[in-house]
Protein chains: 2
Amino acid sequence: MGEQSGELTNRISVLRAEYKMTQQALAEKAGVTRQTIISIEKGKYTPSLTLGFEIANAFGVDINEVFQYKK
Amino acid sequence: MGEQSGELTNRISVLRAEYKMTQQALAEKAGVTRQTIISIEKGKYTPSLTLGFEIANAFGVDINEVFQYKK
DNA sequence: TTTAAAGGTATAGTTTACTTTACATATAGT
DNA sequence: ACTATATGTAAAGTAAACTATACCTTTAAA
């Protein structure tokens, strides 16, 4: 298969700045390593849905405020 | 690592019934195989965030109406 | 009663998310 | 000048998502 589909963007760096949260702190709150946060923040790969929710929870915002998907 | 984290549930079968969509049809709309839909629908594994959005788009609803995450 | 459509299970193989480790740079504080 | 903190890059290994194939059961329609 391989729809290649749409594009996923994120506002993690903006939210981190807004909530004054370091990559390390976010990683700990989300239960992943700092490398994982870096890679997702930079769009290197797509997180799992649960990690998406964990990151949103870390900021206390809806998942749609962190990630945007457009086909 | 391994937070083991929270639990992910989904309302895919309910939405499929509501919108009268077969697993095959949903799979095609989401750009994955029927096996993938079956596995996610039954909670066998967690979809990627993009697939989560694709499935929500297939129904035309918000992602939070399809997937619920509780720590 | 045969046929087709829909859902279900299993398993091997590929791709990609995620970890771990290590090292490198820029900035701020002492 | 040294030290600590924050961000960045790279690469090898593990874990999990996703594909492909095959076969089985149920339900409904011809």
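Lettering of chains follows the sequences in order, A, B, ..., and the numbering in each one begins at 1.
For C/dA17, the OP1/OP2 oxygens have no side-chain nitrogen or oxygen of A/Ser39 closer than 4.0 Å. Considering only side-chain N and O atoms, A/Arg16 lies under 4.0 angstrom from the phosphate OP1 or OP2 of D/dT7. Between C/dC18 and A/Thr36, no contact under 4.0 Å exists linking OP1 or OP2 to a side-chain N or O. Here B/Thr46 reaches the OP1 or OP2 of D/dA17: one of its side-chain N or O atoms lies under 4.0 Å away.
Which of D/dT19, C/dA6, C/dT19 sits closest to the side chain of B/Thr22 comes down to C/dA6. Ranking C/dG8, D/dA20, C/dC18 by closeness to the B/Gln23 side chain, first place goes to C/dG8. Here the nucleotide nearest the side chain of A/Gln35, chosen from D/dA6, D/dC18, C/dT21, is C/dT21. In the set D/dG8, C/dG8, C/dT20, D/dG8 carries the atom at the smallest distance from any side-chain atom of A/Lys42. Among D/dT19, C/dG8, C/dT19, the nucleotide with an atom closest to any side-chain atom of A/Val32 is C/dT19.
The distance between atom CD1 of B/Ile38 and atom P of D/dC24, rounded to the nearest whole Å, is 16 Å. For the pair A/Gln24 CD and C/dT21 P, the interatomic distance rounds to 14 Å; values are reported in whole Å. For B/Tyr45 and C/dT9, the OH to P distance is 14 Å, given to the nearest whole Å. Rounded to whole Å, the distance from CD1 on B/Ile37 to P on C/dA6 is 15 Å. Rounded to an integer number of Å, the gap from B/Ile40 CD1 to C/dG8 P is 14 Å. Spacing between atom CD of B/Glu28 and atom P of C/dA5 amounts to 13 Å, rounded to whole angstrom units. Atom pair B/Leu8:CG and D/dA16:P shows a separation of 15 Å (rounding to whole Å applied). Atom CG of A/Leu51 and atom C1' of C/dT19 are 13 Å apart (whole Å).
One can find a donor-acceptor pair under 3.5 Å joining the base of C/dG8 and the side-chain atoms of B/Arg34.
In this structure, B/Gln23 CD and B/Thr33 OG1 are separated by 11.0 Å, a value rounded to the nearest 0.5 Å. A distance of 4.0 Å separates CD1 of A/Ile55 from CZ of A/Phe67, quoted to the nearest 0.5 Å.
Looking at B/Lys29 and B/Glu54, their side chains never come closer than 4.5 Å, going by heavy atoms from C-beta outward.
Of the two residues near DNA chain D, A/Lys44 and B/Leu49, the one whose nearest nucleotide lies more 5' is A/Lys44.
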